[in-house]
Amino acid sequence: MPLLSPPKENYLRLKVVLLLASLLAMVWSSVILNHYSSENSEFENMRRQGGALALLFANQASTTFQSVDHALIQVRKSVIIN
């Protein structure tokens, strides 16, 4: 049994190793691409929700100030009458 394998077996082994390495690289690149794509999607979703919450807060604050203003006007009227 020879210590060195024939060149044909080495060439075939090299082809298999290169094929497996390229498949592994493709899998990892797709995982990384999927990760960044999902991360960007989540950031966009957070921005959208943040804008909606800001509008909701502004509307709630406006309604609260209008209610307080109306109550103060009623108090003023009742104080002026008495």
Side-chain angles (χ1 to χ4, degrees):
M1 188 169 207
L3 291 176
L4 295 174
S5 54
K8 203 171 210 180
E9 283 183 22
N10 282 340
Y11 181 70
L12 181 61
R13 188 175 298 147
L14 179 65
K15 284 176 75 173
V16 169
V17 168
L18 288 176
L19 176 67
L20 290 176
S22 64
L23 288 174
L24 185 63
M26 286 190 321
V27 166
W28 274 108
S29 63
S30 68
V31 166
I32 290 170
L33 180 65
N34 189 16
H35 170 73
Y36 283 119
S37 174
S38 124
E39 186 179 40
N40 287 337
S41 174
E42 287 299 320
F43 281 141
E44 185 59 36
N45 192 17
M46 284 190 293
R47 283 187 204 100
R48 211 174 315 121
Q49 285 181 352
L53 287 174
L55 287 174
L56 181 66
F57 177 74
N59 190 12
Q60 184 65 34
S62 175
T63 303
T64 302
F65 284 127
Q66 286 175 358
S67 298
V68 169
D69 190 38
H70 181 67
L72 288 176
I73 289 172
Q74 293 300 323
V75 168
R76 181 175 176 231
K77 284 180 183 178
S78 71
V79 168
I80 290 176
I81 291 174
N82 294 331

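Remember, it's a predicted structure, so these values are computed and weren't measured experimentally. This chain uses plain numbering: 1 for the first residue, then up along the sequence.
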Pick from Glu42, Arg48, Met46: which one makes a side chain to side chain contact (heavy atoms under 4.5 Å, CB included) with Glu44? Arg48
Taking atom CG of Asp69 and atom OG of Ser62, what is their separation to the nearest 0.5 Å? 10.5 Å
How long is the straight-line distance from OG of Ser37 back to CD1 of Ile32, given to the nearest 0.5 Å? 13.5 Å
Does any non-hydrogen side-chain atom of Leu23 lie less than 4.5 Å from one of Met26? yes
Hey, what do you get for CG (Leu19) to NZ (Lys15), rounding to the nearest 0.5 Å? 9.5 Å
Minimum side-chain heavy-atom gap Thr64-Gln60 below 4.5 Å: yes
What's the spacing between Ser38 OG and Leu33 CG if we round to 0.5 Å? 10.5 Å
